[in-house]
Amino acid sequence: MNPYDLRFADPSSYHDRRSDLTVAPTFAPPAPVAAANLNPYAAAYPLPVPVPVPAAPAGGDYQRYGQGGRGRDGLDSLALPKPDFRSLIPFEKNFYVECPSVQAMSEADVAQYRRLRDITIEGRDVPKPVRYFQEANFPDYCMQAIAKSGFVEPTPIQSQGWPMALKGRDLIGIAQTGSGKTLSYLLPGLVHVGAQPRLEQGDGPIVLILAPTRELAVQIQEESTKFGSYSRTRSTCVYGGAPKGPQIRDLRRGVEIVIATPGRLIDMLEAGHTNLRRVTYLVLDEADRMLDMGFEPQIRKIVAQIRPDRQTLYWSATWPREVEALARQFLQNPYKVIIGSPELKANHSIQQIVEVISDHEKYPRLSKLLSDLMDGSRILIFFQTKKDCDKITRQLRMDGWPALSIHGDKAQAERDYVLAEFKSGKSPIMAATDVAARGLDVKDIKCVINYDFPTTLEDYIHRIGRTGRAGASGTAFTFFTHANAKFSRNLVKILREAGQVVNPALESMSRSSNSTGGGNFRSRGRGGFGNRGHMSGSNTFPLGGRRPY
DNA sequence: AAAAAAC
């Protein structure tokens, strides 16, 4: 029996769990693949032979799968029927060949290497880390790109993540942004593309990368274009707020790699401009945000279009317990690699200063900070709301500061302009909502100021991570008010872990606060507060008092 | 009680 046979015991009960697959460990000689597209290292391993798959039963079955969507957000139109995965042909997995010098590493050497770089691993048959680019066994088209980039050695996440991803296995990768995460999945993605038959007319992408904001998607595509050029791998970015025409043209012309934000991709799928039948390498970047309340249904809808035997890679700087069960639904027997402490952890090269103040002291303090800090280098200020973000930006500009504001209610053209002005240093102060909290890679941000404390500690870690990137140092100032007391205990923990001096005012708050460490992932809507109707009763005692947690 | 993501 073919190991990649995608028939299900009972197709009508199919619910997108790969445990449904019938997988038998039978391998046969490689299938012929166009020489130019062949991963040279795949030749060392036998590949499965495509066997003719019985034609899908006509009409009826296919139609039936598409009906009865599960979403609650109006996304489930009949325009996106569930694909008939049974008619899909096998694809080539990545086959990592450990090079001799890696093979020669003793277990003690491996343990030492991981310990020194703070690498924690989980999973069965974990490959040894690669210490040098040459050890990763990348094909030439990757090595040329690396050589051109000027990098000297793999970052910790790359040294362990590459051999894992190159084995064709699912992967959970947890590391700070700026630690080389993007290349950790991009290069194995290029190798994966290289092993597949060429795209044919009407084929959608082979690699799909999903990101939570438009700016992040664009940034990933810039890397992808740069590193893919040596293998003439085409990529395009599909995101909202921009004209559809060029995106449609790219999709119809055929691109191996698509980087997308969920909404526009679903739009494109429903309009039939592309399809995900050939996607066999799926990346969720900043994945804990992708599985956030508002995003999860969209992600489910997209993933339902992708064959279940794909390789899936989950990346984030944080790994909240609350998403673990959710994330594992999308992954099959994953490796896990964590850089740094498995606990919520900030980048140690950032100096974190928390100031306990009241709301009316915030603006004067901000003015003073800017006067002290401003030397032309970049300063990023975070706000809780779009309204405050705009309001304070206006105030700053009236006071003569070169500040611009970015958030999700602004036209994409303005977002692009503001980010470009900030990146170029023409406007060195950027005020932002959490749209800019994750993954954005702007060089030389001197300091981050949290004008408002974020909604979760994960967001705190992401926000301050905009500074101190790629080994540079940086400073994060955080205005902390009594309204934020519930975060104080865990914030102190984060500061301690990062070796920071803890503000005594914050510390005394953390001692007197009866918090459980609030700000848990998606704490809203989980029977916390702010629920509607009868659900809110679950949080109160019969006598009407708050449950004491 | 916020932000993001499609028209």
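In what follows, every chain begins at residue 1, and chains take the letters A, B, ... in the order their sequences are listed.
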Shortest non-hydrogen contact between A:L380 and A:A432, atoms and distance: CD1-CB, 4.1 Å
Proximity to the side chain of A:K386 - top-ranked nucleotide from B:dA2, B:dA3, B:dA5: B:dA3
For atom CG of A:D409 and atom C1' of B:dA5, their distance in whole Å: 12 Å
Euclidean distance, atom CZ of residue A:F295 to atom C1' of B:dA5 [Å, nearest integer]: 4 Å
Closest to side chain of A:D267, choosing from B:dA4, B:dA2, B:dA6: B:dA6
A:L284 CG to B:dA4 P, straight-line distance once rounded to whole Å: 21 Å
Qualifying salt bridge (charged side-chain N to carboxylate O under 4.0 Å, His left out) pairs, either residue in residues 216-226 of chain A, two or more places apart: A:E223-A:K226
Between P of B:dA4 and CD of A:Q412, the distance in whole Å: 11 Å
A:T385 side-chain N/O to B:dA1 phosphate OP1/OP2 under 4.0 Å: no
A:H192 and A:F91 aromatic ring geometry - parallel, tilted or perpendicular at 30°/60° bounds: tilted
Distance, rounded to the nearest Å, where A:D459 contributes CG and B:dA3 contributes C1': 9 Å
Flag if over 12 foreign heavy atoms under 6.0 Å of OH, A:Y417: no
Residue pairs involving residues 233-250 of chain A (criterion salt bridge (charged side-chain N to carboxylate O under 4.0 Å, His left out); sequence neighbours excluded): A:R234-A:E256, A:K244-A:D267
Whole angstrom value for the distance that separates P of B:dA4 from CG of A:L291: 19 Å
Closest nucleotide among B:dA4, B:dA6, B:dA3 to the A:D292 side chain: B:dA3
Rounded distance in Å - CG (A:L269) to C1' (B:dA5): 15 Å
Spacing of A:E215 atom CD relative to B:dA5 atom P, expressed in whole Å: 7 Å
Any A:R415 side-chain N or O less than 4.0 Å from OP1/OP2 of B:dA3: no
B:dA6 phosphate, OP1 or OP2, under 4.0 Å from A:T261 side-chain N/O: yes
Any A:R214 side-chain nitrogen or oxygen under 4.0 Å from OP1 or OP2 of B:dA6: yes
